[in-house]
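Comments concern the structure below.
Positions are given from 1, in the same order as the sequence printed here. Because only heavy atoms are used, hydrogens play no part in the values below, and waters and symmetry mates are left out as well, while side chains stay in. Predicted model only: the values in this text are computed from it and were never measured. Indexing begins at 1, ligand by ligand and atom by atom, following the structure's order.
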Amino acid sequence: MRAFTYRSAFAFLLVFPDATASRPEEHGTCKAFPGTSAWPSQENWAKFNQSTGGKLIKPGSPPGAVCHPGEPAFNPDECSIVTAAWRTYDFHQNDPISNMWQQFNNDTCLVDPSAPCSGAGYPAYVVNATTAMDVKLSFDFARKHNVRVIVKSSGHDYQGRSQASGALSIWVHHMQSHKIHNESFKPKGCKFTIETPAVTVGGGSQLGAIYEELDKINRTVVGGASKSVSVGGYLTGGGHSILGPRYGLGADNVLEVEVVTPMGNIVTANECQNEDLFWAMRGGGGSTFGVMTSVTVATHPTPKLVAGIIAFLSPSPSASWTWDMVGYIASSLPYLASKDVSGYAFFTSHINGPDGNNGTGSFAGMGGEFMILDTQNINDMQEIWDPLITHVKATWPDAIITLDLNPYPSFQSWFSVYYDQNTAGYDGYVGSRLLDEKALNQSAALGEIFKHSNGTAYLVAGKGVRDAKPRGGSISVTPTWRKAIVHTTNGHVFPPLNATARTEALNIINNITEPLRKIAPDMGAYVNEVGFLFKIHKDLLTHKYKNNPSEPDWQHTFWGENYERLLQIKRAIDPEDVLWCHPCVGNERWEQIGYRLCRTDQGSTKGARQQHPVAQ
Ligand SMILES: Cc1cc2nc3c(=O)[nH]c(=O)nc-3n(C[C@H](O)[C@H](O)[C@H](O)COP(=O)(O)OP(=O)(O)OC[C@H]3O[C@@H](n4cnc5c(N)ncnc54)[C@H](O)[C@@H]3O)c2cc1C
Ligand SMILES: *[C@@H]1O[C@H](CO)[C@@H](O)[C@H](O)[C@H]1NC(C)=O
Ligand SMILES: *[C@@H]1O[C@H](CO)[C@@H](O)[C@H](O)[C@H]1NC(C)=O
Ligand SMILES: *[C@@H]1O[C@H](CO)[C@@H](O)[C@H](O)[C@H]1NC(C)=O
Ligand SMILES: *[C@@H]1O[C@H](CO)[C@@H](O)[C@H](O)[C@H]1NC(C)=O
Ligand SMILES: *[C@@H]1O[C@H](CO)[C@@H](O)[C@H](O)[C@H]1NC(C)=O
Ligand SMILES: *[C@@H]1O[C@H](CO)[C@@H](O)[C@H](O)[C@H]1NC(C)=O
Ligand SMILES: *[C@@H]1O[C@H](CO)[C@@H](O)[C@H](O)[C@H]1NC(C)=O
Ligand SMILES: *[C@@H]1O[C@H](CO)[C@@H](O)[C@H](O)[C@H]1NC(C)=O
Ligand SMILES: *[C@@H]1O[C@H](CO)[C@@H](O)[C@H](O)[C@H]1NC(C)=O
Ligand SMILES: *[C@@H]1O[C@H](CO)[C@@H](O)[C@H](O)[C@H]1NC(C)=O
């Protein structure tokens, strides 16, 4: 395979040096970029490679190149394989440079042979990091040569934070170790032991494997709904879980982290040392304060539970009673939370309806997956829902109500059926909002919102998150999580290589999210967002979500009053802005111009300036 080169794209810069004179990068105001004089030489890269014991990868061509007849990598057999795999999480997580949502590669090499193909939207080099030392060496090299750094684990990120053109990617996916602490855990440097069983995992470990490992000893962790999401992005963003209403956020359960800082120090952060970093790493966002090379989290006894699919549907999507019913169900979520129900509700204006209707009709309403813990008696769940069923039957007699409940002896036995089985490999954005009891009290507004949005409401906060006792007293997620009952998301998929459609998608998301901001003005949103959909009843619901980089005042939307402290920590730990991403704490001093990352006006303190990773 021919090595991908940026040379052709930037040839004009070399031929006409004057053209670069007005460009800031030659004066150190931009990060070095492939094809420019500031870019490290082959020899530098080779030396760096040697220092890592040969872990540096120079991507030959982007993964979609096998489908493009004009590319040296073209290979029809490979193309069929890659095309078939393109929609899977596995493909993108296992590839050193790919990521799940292709607009973050600026659609520069789709598997579609009729689309253009170049490596322009992909990182220039990858370190296949397996040790903290690999990460340290990468940071040291990047600092010395002013190279932009990104961190990729699974590549799931809905904000595109694990992707950048012309960057050095620290690929942590292969940091997958697990070490179980059966009885207790002693944080390094602390004089005491935490009397909680725990597990220490590598910084790229994925939730599915952790669940599986712990299930062998009848325990589990607070984790997300996808097997492939990794602790790297999940815990640094806060991490919500169907077990959250019992045990808090994922980050509330963290006991210690090992971090390689952007200045190249390998440190342990816990409640006894590097406390600020410990706080920031638990909710302050991925690839901002350093690379988490390992993390220790509390484990919990695996719960027995009752769970299943519950739907309240209307055969008349356009009838106004349909949305009255939806509003009623949404406004019943605080009641359900008070009964310790957790789960994921999906509101939709159109689905092909449940099995009982032979999957033919068109329905609107709510379908969701719900759970209660510590019981094997499905009547316990039925009783909680009875008042809703009675009210809906009495008020909207045409409603179709289905409850399909089962007992599960362990978290893993439920997860192995209900884990996220959706797909990746397309373009789209997601919107998010945290909702408190007050917002959820507005039944009519909620009905109207979901009528226009196909939104979700995840019952993943409530009591357990409100009452969580994180080590050291607090973590850095927006404090509004403690008031939230529900995290709601919405999304819009758009066709690739269509700038109008991309802009329109952002507008659609903003339009959908705006009324949510109105009913929950101070609640903010979840930085990791969530754009997935479970398989419910033969694709009962089929919408797909991605991320929205245009959330206004994202600093306070994602971190609330914690933003200023996070910013101070960022400045102290990464004074040279080695790590930069959007939307990430402290990114205000740089902005992306085309594919380049350049300094903004130094005096500027404007925080809310829009800095889209690739989207313009
Ligand atoms: C199918 C699906 C289901 C999801 N379900 C849930 C859910 O149930 N609950 C929930 O809270 N969220 C959920 N999410 C959102 C998820 O938390 C985010 O997508 C998260 O960013 C993924 O992290 P990652 O490490 O897997 O991905 P990546 O894209 O590799 O990384 C995400 C961010 O973290 C950084 N990062 C990764 N590893 C490290 C590390 N070791 N040290 C420092 N920074 C690192 C990256 O640079 C990037 O900024 C889901 C997402 C998907 C796609
Ligand atoms: C790094 O070194 C390894 C083995 O020494 C080699 O296989 C690999 O191609 C090198 N990477 C680069 C980018 O040269
Ligand atoms: C990355 O490193 C892991 C662990 O050593 C190895 O199994 C894997 O093949 C490497 N991947 C690539 C693309 O070099
Ligand atoms: C932890 O407990 C499991 C089973 O209960 C056992 O197999 C394992 O050896 C124990 N591990 C340690 C480190 O004690
Ligand atoms: C896990 O629970 C099952 C069922 O209660 C029990 O049979 C098994 O011994 C337990 N395993 C461990 C490692 O405790
Ligand atoms: C589903 O199909 C069966 C067999 O064709 C039919 O008897 C039944 O009435 C159908 N049910 C609905 C709700 O349409
Ligand atoms: C919900 O609304 C009712 C009146 O409609 C009010 O009495 C109640 O206090 C509200 N609850 C919350 C939590 O806002
Ligand atoms: C909701 O999703 C359905 C099914 O994909 C679609 O037909 C409908 O237009 C969507 N509604 C909105 C408001 O986006
Ligand atoms: C691009 O998207 C816009 C907005 O959705 C649409 O009107 C237009 O037809 C699309 N263009 C192409 C070439 O598909
Ligand atoms: C968003 O809402 C505004 C104001 O109501 C409207 O003018 C615009 O057309 C909407 N945009 C989209 C893409 O729906
Ligand atoms: C992304 O690709 C489009 C062409 O599809 C191009 O016009 C645009 O400039 C690219 N974005 C960046 C940041 O270069």
Side-chain angles (χ1 to χ4, degrees), residues 1 49 52-61 63 91-98 123 125-131 133-135 138 152-153 155 169-186 196-200 202-205 213-219 296 299 301-302 313-314 317-318 322-323 326 346-353 359 361-367 422 426 428-431 447-456 489-494 504-505 507-513 515-516 533 536 539-546:
M1 283 191 300
N49 188 20
T52 65
K55 291 177 188 172
L56 186 68
I57 301 168
K58 182 167 185 179
S61 52
F91 177 79
H92 301 283
Q93 98 194 354
N94 290 331
D95 188 276
I97 57 171
S98 202
Y125 282 94
V126 178
V127 173
N128 187 2
T130 55
T131 65
M133 186 52 76
D134 296 338
V135 178
S138 306
K152 184 196 170 199
S153 186
S169 175
I170 301 178
W171 188 34
V172 299
H173 175 59
H174 290 282
M175 295 187 159
Q176 295 262 1
S177 57
H178 305 128
K179 178 170 188 272
I180 288 169
H181 313 279
N182 278 327
E183 308 288 338
S184 60
F185 177 72
K186 185 169 186 302
T196 311
V199 63
T200 300
S205 290
E213 205 53 40
L214 287 171
D215 187 61
K216 294 178 188 159
I217 55 163
N218 293 336
R219 297 193 73 84
T296 304
T299 67
T302 194
L313 299 174
S314 157
S318 54
T322 301
W323 304 101
V326 161
F346 303 92
F347 300 97
T348 181
S349 60
H350 172 91
I351 51 170
N352 291 328
S362 172
F363 299 84
M366 187 282 291
N422 277 285
Y426 40 82
Y429 290 116
V430 146
E448 192 59 23
I449 287 168
F450 291 124
K451 178 180 180 176
H452 296 291
S453 74
N454 285 332
T456 70
T489 67
N490 52 67
H492 188 78
V493 172
F494 57 94
E504 188 181 83
N507 287 335
I508 289 169
I509 294 298
N510 271 321
N511 279 7
I512 296 170
T513 306
L516 290 163
L533 184 78
I536 304 183
D539 297 323
L540 188 64
L541 304 174
T542 54
H543 34 204
K544 317 234 191 292
Y545 308 118
K546 296 303 111 28

Fill in: Passing candidate, side-chain contact (heavy atoms from CB on, under 4.5 Å) with H181, options T196, T299, T296
T296
Worksheet item: Looking only at side chains, do T348 and N454 share a donor and an acceptor under 3.5 Å apart?
Response: yes
Worksheet item: Under 4.0 Å from atom 2 (O) of ligand 4, is there any protein heavy atom?
Response: yes
Worksheet entry | Beyond-backbone contact of S349 with W323, side-chain heavy atoms, under 4.5 angstrom | yes
Worksheet item: Does a donor on one side chain sit under 3.5 Å from an acceptor on the other, for N510 and T513?
Response: no
Response to the item:
Residue, atom and distance of the protein heavy atom nearest atom 4 (C) of ligand 3 read T130 CG2, 4.0 Å
Discussion item. One residue to check: H452. Relative to ligand 8, which of side chain, backbone, both or neither has a non-hydrogen atom less than 4.0 Å away?
Written reply: backbone
Worksheet entry | Flag side-chain contact, heavy atom, 4.5 Å: P63 against F91 | yes
Worksheet item: Should you measure from each heavy atom of I57, which atoms of ligand 3 turn up under 4.0 Å away?
Response: 12 (C), 13 (C), 14 (O)
Discussion item. Side chains of F347 and I449, heavy atoms from C-beta outward: is any pair under 4.5 Å?
Written reply: no
Item to complete: Give the residue, atom name and distance (to 0.1 Å) of the protein heavy atom nearest atom 6 (C) of ligand 4.
Response: N182 ND2, 4.1 Å
Worksheet entry | Heavy-atom check, side chain of E213 versus side chain of V199, under 4.5 Å | no
Worksheet item: Where is the nearest protein heavy atom to atom 9 (O) of ligand 3: which residue, which atom, and how far?
Response: N128 ND2, 4.7 Å
Worksheet item: Under 3.5 Å between some N or O of ligand 8 and some N or O of T348?
Response: no
Discussion item. Below the 3.5 angstrom mark, is there an N/O of S349, backbone or side chain, next to an N/O of ligand 8?
Written reply: yes
Worksheet entry | Non-hydrogen protein atom less than 4.0 angstrom from atom 11 (N) of ligand 4 | yes
Discussion item. Only heavy atoms of I217, strictly under 4.0 Å: list the atoms of ligand 4 that pass.
Written reply: 3 (C), 4 (C)
